[in-house]
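Keep in mind that the numbers below use all heavy atoms, side chains included, and drop hydrogens, waters and symmetry copies. None of the values given here were measured: they were computed from a predicted structure. Below, read A as the first sequence line, B as the second, and so on, with proteins coming before strands; counting in each chain starts at 1.
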Amino acid sequence: MNSIRARHDRIGAWLDRSDVDVLAIQELKCKDEQFPEDLFTSRGYEVSFHGLNQWNGVAIASRVGLEDPEIGFTDIPSFGEEPVVEARALSATCGGVRVYSLYVPNGRELDHPHYTYKLEWYRALTADISAQLSETPDKKLVLCGDFNVAPLDEDVWDMAEFDGLTHVSEPERDAFNSLLGAGLTEVTRQFTPGPGVYTFWDYQRLAFPKKKGMRIDFELASPSLAEKATGAEIDREERKGKGASDHAPVIVDYEV
DNA sequence: ATGACTACCCGAGGTAGA
């Protein structure tokens, strides 16, 4: 979901309909003082959020407890001429699970500094998660969000159209797979197999009606949590209609 | 059939998304 203020009412309706216990949101596009807390608290959720400006921004809402919120992760890289740690990572413990809301940098172009930033961001995140799971192998931990990588060829509508573009390059896919190698399982694909199954459709060129999407939003769970996953769904209905986000909600059920 | 992106900043048009 992008732009929480522009989609205030849609998100409220979606919460009422989906009835989720925990929601991780990315691309808020607002500062902390602009964040609509009531949207969540009025529905019985606790909420933690982190936004610095009109770019990025991440939040976690939970109605099963929300403890020890923490911005970023160990050695999270900064970006820019005056380097800034952007608002792209937030974690909190919800019902005994360490939940991360992650908005991986886009990369922009293969020869752009944003691309090396993206790869470094993956490396640092992988090191942090790897250390946590080495220390506590049975820790319940889940990474939710926009990973900005299409790991398989079938995760884009036509690989030929992505020649020379980000999201499908080998270093990006290696970075995503290295993160899995830290001891995580991507839990959504087994319940929502492709091809032709996507989580994002560009606003441009009628991508949604033409079914030209990308699967770039995932949920990566540690072993003790992944084994509890019982189902997943990509709510592509939410991509329809006026005022839709370009990303569809990804929902996972766990039997805990 | 047509026209073919959206939201943010701010108050025009640039930036970013992917």
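- Take Glu238(A) and apply the side-chain hydrogen bond (donor to acceptor under 3.5 Å, both in side chains) test, not counting sequence neighbours, and it matches Arg10(A), Arg17(A).
- With P as the reference atom, dC10(B) and dT15(B) are 15 Å apart, rounded to whole Å.
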Only pairs under 3.5 Å count here: list side-chain donor-acceptor contacts from residues 247-256 of chain A, not counting sequence neighbours, and write none if there are none.
residue, atom, partner, partner atom, Å
His247(A), ND1, Asp217(A), OD1, 3.3
His247(A), ND1, Asp217(A), OD2, 2.9
Tyr254(A), OH, Glu219(A), OE2, 2.9

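- The aromatic rings of Phe176(A) and Phe147(A) lie perpendicular to each other, with more than 60° between the two planes, well past the 30° mark.
- Distances shorter than 4.0 Å separate some side-chain N or O of Arg7(A) from OP1 or OP2 on dA7(B).
- Taking atom C1' on both nucleotides, dA18(B) is separated from dG3(B) by 22 Å, rounded to a whole Å.
- Taking the C1' atoms as reference points, dA12(B) lies 15 Å from dA7(B), given to the whole Å.
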Quiz: residues 207-216 of chain A side-chain donor-acceptor pairs under 3.5 angstrom, not counting sequence neighbours:
residue, atom, partner, partner atom, Å
Arg215(A), NH1, Thr192(A), O, 3.4
Arg215(A), NH1, Thr192(A), OG1, 3.1
Arg215(A), NH2, Thr192(A), O, 2.5

Per-nucleotide protein contact string for nucleotides 8-18 of chain B (B base, S sugar-phosphate only, - none; heavy atom under 4.0 Å): SS-----BSBB

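- The distance between atom CG of Leu206(A) and atom C1' of dA1(B), rounded to the nearest whole Å, is 13 Å.
- For His114(A), the ring-ring contact (aromatic ring centres under 6.0 Å, His included) test picks out Phe79(A), Tyr117(A), with sequence neighbours left out.
- For the side-chain hydrogen bond (donor to acceptor under 3.5 Å, both in side chains) test, residues two or more places apart in sequence or in another chain that qualify with Glu237(A) are Lys240(A).
- Summarising the geometry, the separation between CD1 on Ile11(A) and P on dA7(B) is reported as 12 Å, rounded to the nearest angstrom.
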